[in-house]
There are 2 protein chains.
Amino acid sequence: MVTLAEVAQHAGVSASTVSYVLSGKRSISMNTRQRVEESIRELGYHPNAGARALASSRSNIIALMIPLRTDMYVPVMMEIAIAVATTARAHGYDVLLLTGEEGPDAVRRVAGSGLADGMILMDVELEDERLPLLRGGAAPDGARPGVPADQPAVLIGLPADTSGLTCVDLDFRATGALCVEHLAKLGHRDVAVIGEAPAVYERHTGFAERTLDGLRSGARESGVRLLHRPCEGGYDAMALTLARILDERPDTTGFVVQNESAVEPLLALLRQQGRAVPEDVSVVAVCPEQVAVQASVRLTSVAIPAQEMGRYAVEHLVAKLDGRDGDEVVLLAPELTVRASSGPAPSRA
Amino acid sequence: MVTLAEVAQHAGVSASTVSYVLSGKRSISMNTRQRVEESIRELGYHPNAGARALASSRSNIIALMIPLRTDMYVPVMMEIAIAVATTARAHGYDVLLLTGEEGPDAVRRVAGSGLADGMILMDVELEDERLPLLRGGAAPDGARPGVPADQPAVLIGLPADTSGLTCVDLDFRATGALCVEHLAKLGHRDVAVIGEAPAVYERHTGFAERTLDGLRSGARESGVRLLHRPCEGGYDAMALTLARILDERPDTTGFVVQNESAVEPLLALLRQQGRAVPEDVSVVAVCPEQVAVQASVRLTSVAIPAQEMGRYAVEHLVAKLDGRDGDEVVLLAPELTVRASSGPAPSRA
DNA sequence: TACGGTTGTCGAAGCGCTTCGACGCAAAGG
DNA sequence: CCTTTGCGTCGAAGCGCTTCGACAACCGTA
């Protein structure tokens with residue numbers, strides 16, 4: 001393994017000079033810089049990460065905590081993870097992958113050991129156990145063992161109390177409103193919402209509830225009757241849910257779906273029942289773009305901007321690490337793309 | 001930040017004693033051990049990762065390289081990633097997430113900097129650029145700059161030449177054979193294979209070709225006519241592909257699908273054309289269990305054992321790092337689960 | 001000519017940990 | 001009784017890097 005000292009010797013300068021060439025923290029003459037860079041290349045030198053972390057107390061690593069359970073939105077998680085990794089690299093950071101498994105202990109461990117300089121948490125729950133460990137200035141002065149003050153972090157998702165936290169998320173409230181308004185404008189009066197699996201609501205992952213909130217207030221404003229039903233996803237569960245909905249509200253002509261794995265089954269079922277999309281019923285989905293485009297009917301949808309969220313999260317975190325940025329909640333504005341699954345409501349019988 | 005020295009002082013012992021308590025590399029009296037452990041708990045001590053890595057030249061980190069493109073099998077990748085992370089933690093390792101983006105440079109960087117002790121590569125291509133950097137003993141003696149000899153690694157997937165490498169993968173050849181045999185036994189004589197997107201074949205990701213191999217030799221042995229068509233996935237592409245297949249081979253009664261995003265469209269299209277599954281046509285899928293179970297018809301399938309692959313990969317890598325294990329290729333035996341999508345071929349008209 | 005101000009380089013002191021050799025002490029052996 | 005053995009502990013030497021203060025050489029200015 002090549003060391004700084006060897007590079008220095010090879011280039012005929014001191015170790016500190018090589019270090020300064022690498023970090024750019026002091027000015028170096030053109031001549032020396034080139035000699036050093038040449039030696040680095042020639043010897044194939046890579047700075048030792050451990051030594052660097054020890055000396056500078058910066059690991060240049062960002063920890064990403066992903067949820068262990070994958071009952072929803074796997075492609076979204078993946079897309080976020082990839083965006084995080086890519087963006088992080090662009091800023092000189094690597095990404096450490098943590099699963100939710102360890103819970104708050106993971107936060108303590110990573111923060112305490114200086115393994116990562118900061119962390120990004122996905123799938124935050126409304127009252128997440130990990131939040132007290134992350135909250136900034138608001139902490140009481142008493143030193144709590146194992147809890148380093150103020151571990152820089154960014155959340156993807158929105159907890160109940162965002163004070164002292166930095167968060168990035170899609171504005172799901174606005175998303176809900178947008179969906180129902182779109183249907184209302186098209187003349188739909190009875191709209192059914194096919195939601196996430198009941199477990200998702202029970203877990204109090206805020207986004208599902210916030211969407212519902214938006215849907216409800218949008219419905220109220222535009223005089224639409226709304227029926228919300230959670231759904232496990234999959235064909236059988238969807239069949240059951242759809243039957244219940246149509247039984248309860250036979251005049252339903254609009255659907256809002258927020259559950260990837262219910263989308264295709266719903267379309268199949270509607271087709272089977274002779275309800276044409278979009279002539280008889282309209283469907284609006286909240287899902288990644290790819291799902292909307294690849295579905296058997298190209299879906300009018302609000303996209304979940306996974307990449308953007310990942311990118312934002314990293315950029316805010318890096319800014320925080322550089323002391324350039326405070327706590328802040330960024331809600332991305334939803335965009336509804338009209339495709340082939342929504343149209344004017346059929347005139348009433 | 002609490003240091004070893006502080007713990008030592010608090011417990012009234014020397015720093016090295018604390019270190020030995022932590023590592024268990026020398027015997028420690030019951031009494032001392034307990035006092036030290038108590039101090040550690042009380043102070044909330046976490047060893048500094050950088051210092052540890054520097055002193056021991058072991059980072060306790062495993063790098064996982066995932067493909068950047070997500071044109072296929074996203075849930076499988078995710079499942080593998082999570083299995084890797086979980087298993088790694090169980091062995092005291094953390095996981096660094098790398099995207100394919102950097103290519104071979106990532107290998108050089110990580111190996112050279114001692115960031116990770118070993119790496120796991122997913123989505124290996126037949127002639128992968130990264131392989132020469134990983135290959136073990138076979139390397140010529142001349143020191144190649146930037147290429148540390150013998151970076152411990154495990155591949156998930158199978159390259160063309162596996163010499164000096166450790167690999168884990170599903171036995172896709174056997175998988176293909178298994179699928180076609182199943183259909184043959186049921187009396188199907190004309191089988192169509194709906195494959196991955198053309199791009200996947202062009203990229204020479206071995207698994208697609210190996211499956212095809214297995215399918216072909218299975219077909220030969222059991223006297224089945226086989227027609228293979230790549231397919232982009234999604235409804236429209238599937239419609240086109242299906243039309244071509246039925247045009248070319250109108251008597252096709254068996255389908256093997258190796259493309260998650262083509263499964264549901266295929267079922268929808270068959271339904272639409274009045275071809276009943278499994279009465280008129282049988283469908284066998286190569287896909288994760290979850291997809292098979294959630295589809296609109298419960299699919300006879302060969303599962304892709306993502307979790308198992310992740311777990312194996314980590315366990316082999318850890319064994320290698322402990323010097324307990326050599327190079328080896330592990331091919332997991334496929335298992336075909338019969339569900340509701342396959343049945344006896346209809347008697348010929 | 002002498003002066004403060006840059007600019008470029010160096011030496012040395014750590015960062016927090018692991019690990020090696022040394023040492024004191026009790027138990028076991030002659 | 002003294003030696004040997006092994007156990008439990010300690011001190012010190014690094015691991016490879018960053019960073020601070022020092023300093024020599026040079027500039028322009030007084």
Side-chain angles (χ1 to χ4, degrees), chain A residues 1-37 39-40 43-61 92 109-117 148 321, chain B residues 1-37 39-40 43-61 92 109-117 148 321:
Chain A
M1 175 174 256
V2 192
T3 70
L4 230 209
E6 294 177 275
V7 174
Q9 189 171 14
H10 187 272
V13 297
S14 76
S16 49
T17 301
V18 177
S19 178
Y20 286 123
V21 168
L22 251 32
S23 69
K25 292 194 179 168
R26 286 203 183 171
S27 53
I28 297 286
S29 72
M30 195 54 136
N31 192 315
T32 306
R33 155 173 286 109
Q34 283 179 351
R35 268 213 329 284
V36 169
E37 279 168 353
S39 295
I40 289 178
L43 301 178
Y45 168 72
H46 287 272
N48 180 288
R52 199 166 238 198
L54 178 56
S56 65
S57 16
R58 299 284 245 98
S59 64
N60 285 301
I61 289 180
R109 187 170 64 84
V110 169
S113 67
L115 231 187
D117 297 333
L321 291 174
Chain B
M1 176 174 252
V2 191
T3 71
L4 230 209
E6 294 176 275
V7 174
Q9 189 173 13
H10 185 273
V13 297
S14 77
S16 49
T17 301
V18 177
S19 177
Y20 285 124
V21 167
L22 250 33
S23 70
K25 292 194 178 168
R26 284 201 184 172
S27 52
I28 297 286
S29 70
M30 194 56 134
N31 192 315
T32 307
R33 157 174 284 108
Q34 283 179 351
R35 267 212 331 282
V36 169
E37 280 168 354
S39 295
I40 289 178
L43 300 178
Y45 168 71
H46 288 271
N48 179 289
R52 200 166 237 199
L54 177 56
S56 65
S57 17
R58 296 286 244 96
S59 64
N60 284 300
I61 289 179
R109 188 171 62 85
V110 168
S113 67
L115 231 187
D117 297 332
L321 292 174

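In what follows, chains are A, B, ... by sequence order, proteins preceding strands, each numbered from 1.
- Looking at every heavy atom in both residues, Ser59(A) comes nearest to Ala116(A) through OG-CA, 3.4 Å.
- Straight-line distance from the NE2 atom of His46(B) to the P atom of dC17(C): 12 Å, rounded to whole Å.
- Screening residues 20-31 of chain B for side-chain hydrogen bond (donor to acceptor under 3.5 Å, both in side chains) gives Ser29(B)-Thr32(B), Asn31(B)-Arg35(B) as the qualifying pairs, with residues at least two apart or on separate chains.
- We find that CG of Leu4(A) is positioned 14 Å from C1' of dC10(C), with the value rounded to whole Å.
- The side chain to side chain contact (heavy atoms under 4.5 Å, CB included) search around Arg33(A) returns Ile28(A), Glu37(A), not counting sequence neighbours.
- Atom CD in Glu6(A) sits about 14 Å away from atom C1' in dC17(D), given to the nearest Å.
- Looking at every heavy atom in both residues, Ala53(A) comes nearest to Gly50(B) through CB-CA, 4.1 Å.
- A close approach under 4.0 Å does not occur between any side-chain nitrogen or oxygen of Lys25(A) and OP1 or OP2 of dT18(D).
- With Val7(A) as reference, Val18(A) is the one residue of Val21(A), Val18(A), Val13(A) to meet the side chain to side chain contact (heavy atoms under 4.5 Å, CB included) rule.
- Between the CZ atom of Arg35(A) and the C1' atom of dG8(C) there is a distance of 12 Å, given to the nearest Å.
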Close N or O pairs between protein and nucleotides 25-27 of chain D (under 3.5 Å):
none

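- Using a 4.5 Å heavy-atom threshold, the side chains of Leu115(B) and Ile61(A) count as touching.
- At dT18(C), one or more side-chain N or O atoms of Arg52(B) fall inside 4.0 Å of OP1 or OP2 (strictly under the cut-off).
- In this structure, Gln34(A) places its CD atom 14 Å from P of dG8(C), rounding to the nearest Å.
- Between Ser113(B) and His46(A), the closest heavy-atom pair is N-CB, 3.9 Å.
- Asp117(A) approaches Asn60(A) most closely through the heavy-atom pair OD2-N, 2.7 Å.
- With rounding to the nearest 0.5 Å, the separation of OG1 in Thr17(B) from CG in Leu4(B) is 10.0 Å.
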Under 4.0 Å protein heavy-atom contact, by nucleotide of nucleotides 9-15 of chain D - B base, S sugar-phosphate only: BBB--BB
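- Every residue two or more places apart in sequence or in another chain that forms a side chain to side chain donor-acceptor pair (under 3.5 Å) with Ser39(A) is listed here: His10(A).
- One interatomic measurement links the two molecules: CG of Leu115(A) to P of dG16(C), which rounds to 16 Å at whole-angstrom precision.
- Remark: Met1(A) CE to Glu6(A) CD distance equals 10.5 Å, nearest 0.5 Å.
- In the helix from dG4(C)-dC27(D) to dG30(C)-dC1(D), the rotation axis of the first five pairs and that of the last five pairs differ in direction by 50°, rounded to 10 degrees.
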